[in-house]
Amino acid sequence: MMNWIRHLDQLLRGETTRIEQLRAEKFDVPIVGLAVMIDLLGLIYGACMGAFAITGSGSGHLMQIPATMLKVPALFLLTLVVTMPSLYVFNALVGSRLSFVAVLRLLISAMAVTLAVLASIGPIVAFFSVCTTSYHFMVVLNTFVFALAGALGLAFLLQTLHRMTIAEHFGSSMPVPTASELSVDETNPEANTSGPLQAVDGYVLGPHVKTVFHIWVMVFGLVGSQMGWLLRPFIGAPDQAFTWFRPRTGNFFQAVLDAIWHLVK
């Protein structure tokens, strides 16, 4: 367990995604270990998210908390299963030679980063859960938190994919870049403090790569949003009885717009 936590910490600090690290050891992260961390972090955020149900303004159903704790990690893992093949194919179309396992490691690492961000914001969500009386505010707040965590996770995915591609090319027949070209002081590893979201100086993604990646991001966002809609309720409406799943009516975007409208009217 401590080894898995250490791997996650190295991802967050950018130690695992340094180009010299990728060239030397590839992207060797524990798939099972990070999957377990995704589950644990999802349980933490799920508890914070479902806490509104036990307040005076919530649904009052205690089962909403364990239900949400199970649904948050399920949301991300199911989205991973659905979108993983498309990322591999899209990545292959732009000329990458990364294997299916390498792409899987990349995607599950990005989700681990996303869940780490979610779990870190969880106490704030729990605070507002016990302070506010507005169900619609909690819907909008959690939607914003998920969007923020997802954006950071996808930024990690893009930058790491870029670094893996650079390391892959430079590890073959192409000239190896100098330390200055990679903004890395190879004589002093401690001086390299670039985070996992920082772009590599002097190397930019081609326009076709960005286009394909942006298309995949939209696909990922749509799948994740719809998956969340299928797994609802996560918070528990105060005027409805507890149930594990709601009927398939409406859609995610309509529900968010309705929640915003109730806040501003």
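Being a predicted model, the structure only gives us computed values, none of them experimental.
- Side-chain atoms of S99 come within 3.5 Å of backbone N or O of A102 as a donor-acceptor pair.
- The SG atom of C131 sits 9.5 Å away from atom CZ of F137, with the distance rounded to the nearest 0.5 Å.
- The hydrophobic cluster containing L115 does not contain V81, counting ILVMFWY residues as joined when their side-chain heavy atoms lie under 4.5 angstrom apart, directly or transitively.
- Across all their heavy atoms, I215 and F90 have their closest contact at CG2-CE2, 4.1 Å.
- Inter-residue side-chain proximity for L62 and I54 is flagged as met; some heavy-atom pair is nearer than 4.5 Å.
- The main-chain N or O of T83 is found under 3.5 Å from a side-chain atom of S86 such that the two form a donor-acceptor pair.
- Atom CZ of residue R18 and atom CD of residue Q10 lie 9.5 Å apart, to the nearest 0.5 angstrom.
- Atom-to-atom distance recorded for L148:CG and L152:CG is 5.0 Å, nearest 0.5 angstrom.
- The shortest side-chain heavy-atom distance between L158 and L154 does not fall under the 4.5 Å cut-off.
- The line from CG of D9 to CE of M2 is 9.5 Å long, rounded to the nearest 0.5 Å.
- The closest donor-acceptor contact from the side chain of K71 to the backbone of P66 lies at 3.5 Å or more, if one exists at all.
- Counting heavy atoms from C-beta on, the side chains of V103 and L161 never come closer than 4.5 Å.
- The shortest distance between side-chain heavy atoms of V72 and L43 does not fall below 4.5 Å.
- The list of ring-ring contact (aromatic ring centres under 6.0 Å, His included) pairs with a residue in residues 33-62, not counting sequence neighbours, reads Y45-F146.
- Between V117 and S120, the shortest heavy-atom contact is O-OG, 2.6 Å.
- Between atom OG1 of residue T143 and atom CZ of residue F234 there is a gap of 10.5 Å, rounded to the nearest 0.5 Å.
- Hydrophobic clustering of Ile, Leu, Val, Met, Phe, Trp and Tyr side chains at less than 4.5 Å, counting indirect connections, unites F220 with F100.
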**Item:** L12 and F156: CA distance, side-chain angles, deciding distance, side-chain contact (heavy atoms from CB on, under 4.5 Å) verdict
**Value:** CA-CA 9 Å; L12 296 174; F156 170 89; over 6 Å; no
**Message:** Would L41 and L8 count as a side-chain contact (heavy atoms from CB on, under 4.5 Å) here? Give the steps.
**Reply:** CA-CA 11 Å; L41 294 170; L8 177 60; 3.8 Å; yes
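- Nearest heavy atom pair, residue L231 against residue F245, reads CD2-CE2, 3.8 Å.
- L118 and F127 fall within a single hydrophobic cluster, where Ile, Leu, Val, Met, Phe, Trp and Tyr side chains are chained together by heavy-atom contacts under 4.5 Å.
- A 4.5 Å side-chain heavy-atom check between V101 and I31 finds at least one atom pair inside the cut-off.
- Of the residues T79, V89, L104, the one that meets the side-chain contact (heavy atoms from CB on, under 4.5 Å) test with M84 is L104.
- To the nearest 0.5 angstrom, F252 atom CZ is 10.5 Å from L222 atom CG.
- Judged by distance alone, the side chain of R163 and the main-chain N or O of T17 form a donor-acceptor pair under 3.5 Å.
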**Item:** Verdict with supporting geometry, W261 and H136, side-chain contact (heavy atoms from CB on, under 4.5 Å)
**Value:** CA-CA 9 Å; W261 171 250; H136 298 289; over 6 Å; no
**Message:** Working note: S109 + T160, criterion side-chain contact (heavy atoms from CB on, under 4.5 Å); need CA distance, chi angles, decisive distance, verdict.
**Reply:** CA-CA 10 Å; S109 297; T160 304; over 6 Å; no
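- Hydrophobic clustering (side-chain heavy atoms under 4.5 Å, transitive across Ile, Leu, Val, Met, Phe, Trp, Tyr) keeps V130 apart from I121.
- Closest approach of A110 to L157, counting heavy atoms only: CB-CB, 3.9 Å.
- Looking at heavy atoms from C-beta onward, I5 lies in side-chain contact with M1 at the 4.5 angstrom threshold.
- The shortest non-hydrogen separation linking G46 to M69 is C-CG, 3.8 Å.
- The closest donor-acceptor contact from the side chain of T132 to the backbone of F128 lies at 3.5 Å or more, if one exists at all.
- Nearest heavy atoms, M138 versus N142: O-ND2, 2.8 Å.
- Looking only at distances, no side-chain donor or acceptor of R232 sits under 3.5 Å from a matching main-chain atom of M227.
- Ring geometry for F242 against W244 counts as perpendicular: the plane angle is over 60°, on a 0 to 90° scale with 30° as the lower cut.
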